[in-house]
Structure formats: C-alpha cells, structure tokens
Amino acid sequence: QVQVVESGGGLVQAGGSLRLSCTASGLTFADYAMGWFRQAPGKEREGVACIHWSGRSTSYVDSVKGRFTISRDNTRKTLYLQMNSLKPEDTAMYYCAAAEYGYCLTGWSYATGFRYWGQGTQVTVSS
C-alpha cells in the first residue's frame with residue numbers, strides 16, 4: 001500500500017520561509033517523478049513544482065519561480081519544497097504526489113501522470 005505523507009506546513013509572515021517535506025512508502029521512490037500541488041479555498045488545485053526521478057530536472061509554475069525550490073533525497077525517500085519570500089497569495093493546502101512515471105509529463109501542472117496523493121499540509125502566510 002502506497003502512503004504519501006506531507007509535513008512542515010505552518011503560519012509564517014510575508015517574506016518568510018518554510019520547508020515542506022514529503023515521505024512516500026510502498027513504492028520504489030527513486031523510480032518516479034514527484035510533485036507539489038496546492039489548493040486555496042475557492043480555487044482550483046494548481047501544480048507548484050515537479051521533479052524527475054533523478055532530481056536533475058525540475059519544473060515550476062511561473063508564480064513561484066525564483067522563490068520555491070523542489071528537491072529530493074532518494075536515499076531517504078523524501079521530497080522537499082523550500083519556499084522563500086512567501087506571499088499571502090501562497091496560502092493554501094499543499095499536497096505531495098507521486099507520479100506513475102519517472103519524468104514530469106507535459107501537463108504535469110494539471111496532475112497528469114500523478115497517481116498517489118498525500119493528505120496535505122496547510123501553509124498560511126500573513127500580511
């Protein structure tokens with residue numbers, strides 16, 4: 001049984017930083033692309049970042065480029081999202097997801113190719 005668990009969310013002031021973590025068990029973590037998604041109240045879910053199985057290739061939604069960094073440690077089966085210069089509009093529930101493929105597919109930001117999802121961790125940025 002695959003389990004995906006996020007941690008690291010919280011309340012932070014605008015301009016601050018947070019690091020989210022995600023562990024995935026029940027699958028060969030190093031074989032699959034991983035992604036971070038978020039959903040704010042009243043809004044659709046959006047892809048935030050995606051990383052290939054090797055960690056050598058990453059993709060980001062425009063709104064977080066230069067502020068967020070996705071990374072992974074395959075030996076620890078852990079995915080990270082370092083979030084800097086946080087803005088109130090980053091407030092959302094953040095979800096980690098494991099793909100069915102090793103690469104981030106075209107349309108990854110619409111969750112194309114992602115199969116296993118965590119329960120989410122709340123990030124709140126105060127102004």
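Numbers here are sequence positions counted from 1.
From Tyr95, atom OH reaches atom CD of Glu6 across 8.0 Å, with rounding to the nearest 0.5 Å. Here the CD-CD distance, from Gln39 to Glu44, works out to 8.5 Å after rounding to the nearest 0.5 Å. From Ser126, atom OG reaches atom CD of Gln13 across 5.0 Å, with rounding to the nearest 0.5 Å. Note that the CD atom of Glu89 and the OG atom of Ser63 stand 8.5 Å from one another [nearest 0.5 Å].
At a threshold of 4.0 Å, the pair Asp62-Lys65 counts as salt-bridged, since one of the basic side-chain nitrogens sits closer than that to a carboxylate oxygen.
Shown here for Ser127 and Ala14, the closest heavy-atom pair between the two residues is CA-CB, 4.3 Å. For the pair Gly113 and Leu105, the tightest heavy-atom approach, listed with the atom from each and the gap, is CA-CD1, 3.9 Å. Heavy atoms only, all atoms of each residue included: Ile70 and Gly35 are closest at CD1-CA, 4.5 Å. Of all heavy-atom pairs spanning Ser59 and Trp108, the tightest one is CB-NE1, 3.5 Å. Residue Ala33 comes nearest to Phe114 through the heavy atom pair O-CE2, 4.4 Å, listed as atom of the first residue, atom of the second, then distance. Taking both residues in full, the closest heavy atoms of Ala111 and Arg45 are given as CB-NH2, 3.5 Å, listed atom of the first, atom of the second, then distance.
Between Phe37 and Trp117, the ring-plane angle classifies as tilted under the 30° and 60° cut-offs.
Of the possible polar contacts, one joining the Thr121 side chain to the Gly9 backbone as a donor-acceptor pair under 3.5 Å is found. Of the possible donor and acceptor atoms, none in the side chain of Thr91 sits under 3.5 Å from a partner among the backbone N and O of Thr124. Within the 3.5 Å criterion, the main-chain N or O of Arg56 finds a donor-acceptor partner in the side chain of Ser54. Judged by distance alone, with hydrogens and angles left aside, the side-chain atoms of His52 form no donor-acceptor pair with the main-chain N or O of Thr58 at under 3.5 Å.
When hydrophobic clusters are built by joining Ile, Leu, Val, Met, Phe, Trp and Tyr residues whose side-chain heavy atoms come closer than 4.5 Å, directly or via intermediates, Val2 is grouped together with Tyr32. Hydrophobic cluster membership is shared by Trp36 and Val64, with clusters built from Ile, Leu, Val, Met, Phe, Trp and Tyr side chains linked at under 4.5 angstrom. Note on Leu27 and Val4: same hydrophobic cluster, where clusters join Ile, Leu, Val, Met, Phe, Trp and Tyr whose side-chain heavy atoms are under 4.5 Å apart, directly or indirectly.
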Exercise for review: Please test Leu18 against Val123 for side-chain contact (heavy atoms from CB on, under 4.5 Å), starting from the C-alpha separation and ending with a verdict.
Suggested key: CA-CA 9 Å; Leu18 279 177; Val123 172; 3.9 Å; yes

Exercise for review: Verify side-chain hydrogen bond (donor to acceptor under 3.5 Å, both in side chains) between Asn84 and Ser17, making sure each step is shown before the conclusion.
Suggested key: CA-CA 4 Å; Asn84 299 329; Ser17 298; 2.9 Å; yes

Exercise for review: Carefully, step by step, assess Glu100 and Tyr116 under the rule side-chain contact (heavy atoms from CB on, under 4.5 Å).
Suggested key: CA-CA 8 Å; Glu100 296 180 283; Tyr116 303 106; 5.5 Å; no

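Side-chain contact check for Met34 versus Cys50: every heavy-atom pair is 4.5 Å or farther apart. You'll find the side chain of Arg76 stays beyond 4.5 Å of the side chain of Thr23, heavy atoms only. When side chains are defined from C-beta on, Tyr60 does not count as touching Val48, because their heavy atoms never get closer than 4.5 Å. A heavy-atom distance below 4.5 Å is found between the side chains of Val61 and Glu46. Between Phe68 and Gln82, the closest side-chain pair of non-hydrogen atoms is not below 4.5 Å. Taking 4.5 Å as the limit, some side-chain heavy atom of Arg38 sits within range of a side-chain heavy atom of Asp90. Residues Phe29 and Asn74 have side chains in contact (heavy-atom distance under 4.5 Å, counting atoms from C-beta outward). Residues Leu20 and Leu79 are not in side-chain contact: their nearest non-hydrogen atoms beyond the backbone lie 4.5 Å or more apart.
At most 12 non-hydrogen atoms from other residues, nucleotides or ligands lie less than 6.0 angstrom from CD of Gln119.
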